[in-house]
Amino acid sequence: MRSSHPRSAAVAALVATALATGLLAGTADAAEGAVSADPIRIHDIQGTTRISPLNGKPVADVAGIVTGVRTYGSRGFWIQDPDADDNAATSEGVFVFTGSAPAVAVGDAVKVSGTVGEYIPGGANSGNQSVTQISKPTVTVVSSGNALPAATAITEYTVPAQYAPAGDPAAGGSINGLTLEPSRYALDHYESLEGMNVRIGTSRVVGATDPYAELWVTVKGWENAAKRGGTVYGSYESQNTGRLQIQQLAPLAQQPFPVANVGDKLTGTTEGPLDFNQFGGYTLVARTLGTVKAGTLAPEKTKAQSPGELAVATYNVENLDPTDPQEKFDNLAKAVVGNLASPDILALEEIQDDNGAKNDGTVSAEQTLTKFTDAIKAAGGPAYQWRSISPENNKDGGEPGGNIRQVFLFNPARVSFTERAAGDAATATGVTTEKGKAALTHSPGRIDPANPAWADSRKPLAGEFVFRGRTVFVIANHFGSKGGDEGLASHHQPPVRKSEEKRLLQAQALNGFVKQLLAVDKNASVLAVGDINDFEFSGTTKALEDGGALYAAIKSLPKAERYSYVYQGNAQVLDQILTSPSIKNFTYDSVHINAEFSAQNSDHDPQVLRFRP
């Protein structure tokens with residue numbers, strides 16, 4: 001279950017120290033003074049950094065008003081001191097982890113004794129920040145029905161424009177030890193409110209409701225706004241500070257979570273404790289949830305190619321296999337025909353083998369592809385043919401036993417596939433010369449499959465096509481995932497993006513192959529397409545473009561339209577089509593049919609490029 005919470009404090013230790021000092025001095029007055037020392041308050045536990053100064057220590061009789069009770073997942077409750085100090089860096093709220101259904105109610109005034117700790121959602125290796133919490137608590141309810149501390153408003157005016165301070169080099173890039181500057185950095189601002197009762201007003205949805213009953217809003221409606229209502233992630237320095245994840249305290253059986261798409265509005269007041277979890281960082285866990293006002297967002301439809309234009313598309317169909325319901329095949333097929341206008345060549349990613357994730361050695365995807373192409377015909381599309389190479393069992397990553405691979409679909413009424421010696425999973429295709437022009441030694445063929453860059457990852461699939469007498473080389477790709485990378489709200493700033501190392505090697509290998517084609521024929525038409533799993537501004541894309549061999553065509557779009565995926569409220573590029581220098585005049589379309597919607601047939605948006613070879 002997704003959860004979050006950590007930090008620790010101890011008060012008894014301070015009293016004990018003072019008491020010991022008095023006893024050693026032999027003065028009853030000293031001992032009495034120690035016993036009557038000021039009690040530990042929540043802001044003493046939270047302190048002015050991300051790590052509690054009382055981490056690992058016991059505390060006694062910490063007073064607060066219960067502002068939220070969570071009876072599922074990470075069970076416990078939040079308390080807040082209504083008598084705040086005058087230091088903006090210290091939070092007045094804290095989570096009390098009970099591990100079972102708490103025996104308190106919102107509005108109870110309580111005193112809590114326990115151990116202060118720092119809980120890291122996802123574990124220490126995740127890079128996530130910790131949550132300060134009191135665990136193993138003893139709770140005394142002093143009174144009930146009390147007014148809650150006034151909620152702190154999170155608005156476009158309170159959240160700073162800078163996202164995070166630079167991590168301390170002496171601490172390995174961590175910001176944990178830095179004094180919070182809540183008026184300067186967004187992450188510090190949110191951290192200074194950790195565990196407190198907060199609220200937002202009417203806000204635009206920038207991440208659709210997901211299967212885990214959460215959505216994303218922005219309190220900064222103007223911040224890097226996408227054309228269709230989202231918030232564009234356009235560089236490593238524009239993390240979009242106004243994004244905030246929304247969950248609810250009420251169990252789903254008691255109160256269904258609202259369904260929202262990007263561009264909808266969460267209207268009215270949404271109020272509750274500010275939490276931190278491993279699946280998005282700072283999260284408003286709503287005790288009072290606003291109302292979703294639906295917008296007018298509809299799935300896009302690309303223009304049909306003209307007779308003289310070749311339309312090439314890429315679509316990650318998210319682990320498609322025959323065990324999926326027919327509805328998924330039908331919906332994907334309708335999208336190919338109705339939203340993508342039946343492209344001439346369609347590169348598919350994540351086609352699974354014939355029995356899906358059953359790990360029994362099956363690698364053929366004939367049944368998957370037959371079922372899909374039949375669905376496309378039933379939807380009124382062309383009788384696509386396909387070309388692919390079955391991978392070695394469990395050698396290409398993805399679900400164990402799933403054996404995902406790239407596949408070319410092509411419309412034989414519009415384009416032909418040039419058959420050469422068909423490669424297998426372990427045979428590399430190469431570049432040769434035929435009648436003075438570039439050609440592949442194997443078509444279809446895999447590019448450099450023995451290269452360590454492709455270990456446990458999908459190998460690029462290259463194919464030679466002919467459209468109106470012109471040869472076009474298409475390379476279908478599915479680069480390594482971002483799995484294992486730290487989130488934007490990591491305690492390392494900038495976050496560690498370990499997965500980039502592998503994609504950089506993959507990009508260099510692909511770029512080298514394209515350069516081989518261009519060395520034979522500088523005017524060769526080459527398209528590298530697929531789920532690159534990286535941004536248009538990334539080092540991966542720069543390596544693909546090295547030497548002018550390729551151009552990331554999505555950069556031809558206005559910045560507000562550059563995205564194919566929505567992650568944690570950031571609309572971003574993962575899927576790409578890159579063009580060789582001879583492909584100068586083209587039309588590019590990121591066809592938004594999935595990523596912005598709660599109801600999805602895939603989590604990726606397909607990409608289409610049309611040009612005249």
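This is a predicted model, so every value here is computed, not measured.
Using a 4.5 Å heavy-atom cutoff, the side chains of E545 and K555 are in contact. At least one side-chain heavy atom of L297 sits less than 4.5 Å from a side-chain heavy atom of R228. Put simply, the side chain of R470 does not reach to within 4.5 Å of the side chain of L310, judged on heavy atoms. At a threshold of 4.5 Å between non-hydrogen side-chain atoms, the residues K559 and N224 do not count as touching. Contact of the I532 side chain with the N477 side chain is registered, since non-hydrogen atoms from C-beta on lie closer than 4.5 Å. Residues W386 and F372 fail the side-chain proximity criterion, which asks for heavy atoms closer than 4.5 Å.
Relative to the six-membered ring of F417, R387 meets both conditions, a distance below 6.0 Å and an angle of at most 45° to the axis.
Residues Q506 and S457 have side chains that bring a donor and an acceptor to within less than 3.5 angstrom of each other. No hydrogens or angles considered: a donor-acceptor pair under 3.5 Å links the side chains of T283 and Q245.
Judged by distance alone, the side chain of D360 and the main-chain N or O of T362 form a donor-acceptor pair under 3.5 Å. No side-chain donor-acceptor contact under 3.5 Å links D330 to the backbone of A333. Under the 3.5 Å distance criterion, the side-chain polar atoms of R405 are left unmatched by any main-chain donor or acceptor of P391. Checking side-chain atoms of T429 against main-chain N and O of A462 turns up no donor-acceptor pair under 3.5 Å.
Contact check on D396 versus R458 returns no salt bridge, with no Lys/Arg side-chain nitrogen under 4.0 Å from an Asp/Glu carboxylate oxygen. A salt bridge links K515 to D546: at least one charged side-chain nitrogen sits closer than 4.0 Å to a carboxylate oxygen. The pair R497-E486 fails the salt-bridge criterion, with no side-chain N (NZ, NE, NH1 or NH2) lying under 4.0 Å from an Asp/Glu carboxylate O. Taking a cutoff of 4.0 Å between a charged side-chain nitrogen and a carboxylate oxygen, R243 and E223 do not qualify as a salt bridge.
Remark: S306 engages E309, R612 in a side-chain hydrogen bond (donor to acceptor under 3.5 Å, both in side chains) (not counting sequence neighbours). Taking the salt bridge (charged side-chain N to carboxylate O under 4.0 Å, His left out) definition, one finds that K303 meets it with nothing, sequence neighbours left out. With sequence neighbours excluded, the residues forming a side chain to side chain contact (heavy atoms under 4.5 Å, CB included) with A438 are F473, L517, V520, D521, listed by chain and number. Residues satisfying the salt bridge (charged side-chain N to carboxylate O under 4.0 Å, His left out) test with K358, not counting sequence neighbours, are none. Residues passing the salt bridge (charged side-chain N to carboxylate O under 4.0 Å, His left out) test with E501 are K498, sequence neighbours excluded. Applying the side-chain hydrogen bond (donor to acceptor under 3.5 Å, both in side chains) rule to E349 yields the partners T314; only residues at least two apart in sequence or on another chain are considered.
For H592 and F597, the ring centers are positioned 6.0 Å apart or more. Less than 6.0 angstrom separates the ring centroid of F479 from the ring centroid of W454. Residues Y233 and F535 bring their aromatic ring centres within 6.0 Å.
Aromatic ring pairs are classed by plane angle as parallel below 30°, tilted from 30° to 60° and perpendicular above 60°; the pair Y236 and F537 is perpendicular. Note on ring orientation: taking the six-membered ring where Trp is involved, the planes of Y551 and F586 are tilted (angle from 30° to 60°).
Considering D531, N594, N339 in turn, N594 is the only one that fulfils the side chain to side chain donor-acceptor pair (under 3.5 Å) rule with Y315.
What you find for A425 and S390 is that their closest heavy atoms are CB-O, 3.5 Å.
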